[in-house]
Amino acid sequence: MRILTKNFYNRPTLEVARDLVGKHLVRVLDDGTRLAGRIVETEAYTQDDPAFHGWGLLDRRTGALKPEGRGRDLFGKPGTAYVYLTYGVHWLMNVVTEPEGTGGGVLLRAVEPLQGLASMYARRARAQRDIDLANGPGKLAQAFGIDGALHNTPFTEPPLYATDPEGEAPLAVETSSRIGITRGVDLPWRFYAADNPYVSRGAPSDVAQARKRRAKQGAMA
DNA sequence: ACGAGGATGCTCT
DNA sequence: GAGCATCCTCGTG
């Protein structure tokens, strides 16, 4: 099990997002407990993407980068954790991609738990089955004990990193539009393992918005 | 099965 | 004040 180093993340974001499917996520808790899981779902966010945090930090004409603002750290060193709170409730975990100075990140959306399940259940009080432990980005962070304390820390060494599970057969990867966003909804930048039950249950945003439009039409008729 | 709505804090307008 | 890269519960079919 080789730890994925900075070089792995210092590449185009879409490549990193696809290649992370099938890799293992490892988290070592403060008490030494080792948690691990197979990454089965990711999403890519790039600086040319209206859904990107800090879309607007980059001045397209001059190339100048605003020094402050949300998403600024996505322009930092590749292989760094970018952890933020959404809806005031849930922590979401990304890893920074692309060379320093170029914006990009990959959201970890779902993991198949492999090791440390008892510890995951302890934090995921509502989970009834292994499938419910980390089949969504907020659940994943909670199961693996990931919060804002890990923001801007290396994703290339303990206590948080990914490994290449040498010897495991590569997973078939499918794509769709991303989940839970309102901008950039048509970009097919979600990557997930085909026919894997640990993938999250959310509907891609293009599908969700089409369904909403149909419901509105039905209500008017 | 599915949809509506609430929780809750931070960023940006 | 609005809007979230979400999750959970509680209604109704």
Side-chain angles (χ1 to χ4, degrees), chain A residues 13-14 16-18 20-21 25 39-59 65-75 80-97 103-111 120-121 123-152 155 175-192 198-219:
Chain A
T13 305
L14 297 184
V16 176
R18 176 182 287 273
L20 272 177
V21 175
L25 173 66
I39 298 168
V40 295
E41 180 177 351
T42 65
E43 282 177 358
Y45 291 84
T46 80
Q47 67 178 23
D48 301 315
D49 161 16
F52 184 64
H53 281 188
W55 167 255
L57 288 182
L58 193 61
D59 187 314
L65 186 59
K66 291 197 175 106
E68 303 287 339
R70 185 168 89 144
R72 181 63 182 77
D73 294 329
L74 287 165
F75 290 84
T80 302
Y82 175 89
V83 184
Y84 75 99
L85 189 65
T86 191
Y87 292 97
V89 182
H90 301 288
W91 294 103
L92 270 62
M93 156 85 211
N94 296 246
V95 56
V96 177
T97 57
V106 173
L107 171 69
L108 303 186
R109 283 198 55 91
V111 156
M120 296 183 196
Y121 272 107
R123 274 179 305 284
R124 294 271 309 126
R126 306 276 161 63
Q128 300 294 314
R129 305 163 303 169
D130 294 358
I131 281 182
D132 300 318
L133 284 174
N135 64 336
K139 300 178 196 177
L140 183 161
Q142 189 174 32
F144 278 73
I146 294 168
D147 62 21
L150 289 169
H151 176 64
N152 254 351
F155 188 64
T175 65
S176 79
S177 78
R178 295 168 293 180
I179 292 177
I181 54 173
T182 59
R183 300 187 296 182
V185 296
D186 291 323
L187 297 171
W189 288 358
R190 171 174 174 249
F191 300 87
Y192 60 97
Y198 295 89
V199 166
S200 76
R201 322 247 311 215
S205 292
D206 55 349
V207 174
Q209 296 199 352
R211 186 195 306 150
K212 204 180 277 183
R213 280 197 299 274
R214 283 198 301 276
K216 201 172 184 179
Q217 292 264 330

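What you see is a predicted model, and the numbers here were worked out from it, not measured in a lab. First the proteins, then the strands, lettered A, B, ... as listed; each starts at 1.
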**Study point:** Donor-acceptor under 3.5 Å (A:T13 side chain, A:T97 main chain)
**Key:** no
Review point. Is there a donor-acceptor pair under 3.5 Å between the side chain of A:E43 and the backbone N or O of A:I179?
Key: yes
Between N or O atoms, less than 3.5 Å apart, protein on one side and nucleotides 11-13 of chain B on the other: list the pairs.
from   : atom 1 : to    : atom 2 : distance (Å)
B:dC12 : OP1    : A:R70 : N      : 2.6

Please enumerate all residues that pass ring-ring contact (aromatic ring centres under 6.0 Å, His included) together with [X], with sequence neighbours excluded.
{"X": "A:H90", "value": "none"}
{"X": "A:Y198", "value": "none"}
{"X": "A:F191", "value": "none"}
{"X": "A:F155", "value": "A:Y9"}

Practice item. Measure from NE2 on A:H90 to C1' on B:dA7 and round the result to the nearest Å. Key: 8 Å
Exercise for review: Rounded off to whole Å, could you give me the CH2-to-P distance for the A:W91 and B:dG9 pair?
Suggested key: 11 Å
Regarding [X], tell me which of base, sugar-phosphate or nothing describes its non-hydrogen contacts under 4.0 Å with the strands shown.
{"X": "A:T182", "result": "sugar-phosphate"}
{"X": "A:F52", "result": "nothing"}
{"X": "A:R124", "result": "sugar-phosphate"}

Review point. Which heavy atom of A:T175 sits nearest a heavy atom of A:P188, and at what distance?
Key: CB-O, 4.0 Å
Revision key, fill the gap. Heavy atoms of A:V185 and A:S205 approach each other most closely as CG1-CB, 3.7 Å
Point to revise | With sequence neighbours excluded, residues passing salt bridge (charged side-chain N to carboxylate O under 4.0 Å, His left out) with A:D130 | key: none
Exercise for review: Sequence neighbours left out, what passes side-chain hydrogen bond (donor to acceptor under 3.5 Å, both in side chains) with A:Q47? Give chain and number order.
Suggested key: none
Exercise for review: Using the criterion of both pairing distances under 3.5 Å for Watson-Crick and G-U wobble pairs, give all stems of 3 or more consecutive pairs involving DNA chain B.
Suggested key: B:1-7 with C:6-12, B:9-12 with C:1-4
Review point. Salt bridge (charged side-chain N to carboxylate O under 4.0 Å, His left out): which pairs involve residues 132-144 of chain A, sequence neighbours left out?
Key: A:R129-A:D132
Review point. Can you pull the salt bridge (charged side-chain N to carboxylate O under 4.0 Å, His left out) pairs that have at least one residue in residues 176-189 of chain A, sequence neighbours excluded?
Key: A:D49-A:R178
Check your understanding: Which sits closer to the 5' end of DNA chain C, A:R183 or A:D132, going by the nucleotide each is nearest to?
Key -> A:R183
Review point. Does anything in residues 137-148 of chain A reach DNA chain C, meaning a heavy atom under 4.0 Å, and if so which residues?
Key: A:P137, A:G138, A:K139
**Study point:** Short side-chain donor-acceptor distance under 3.5 Å, A:R124 and A:Q142
**Key:** yes
Check your understanding: First contact, last contact: which nucleotides of DNA chain C are these for chain A, 5' to 3', heavy-atom distance under 4.0 Å?
Key -> C:dC4 to C:dT9
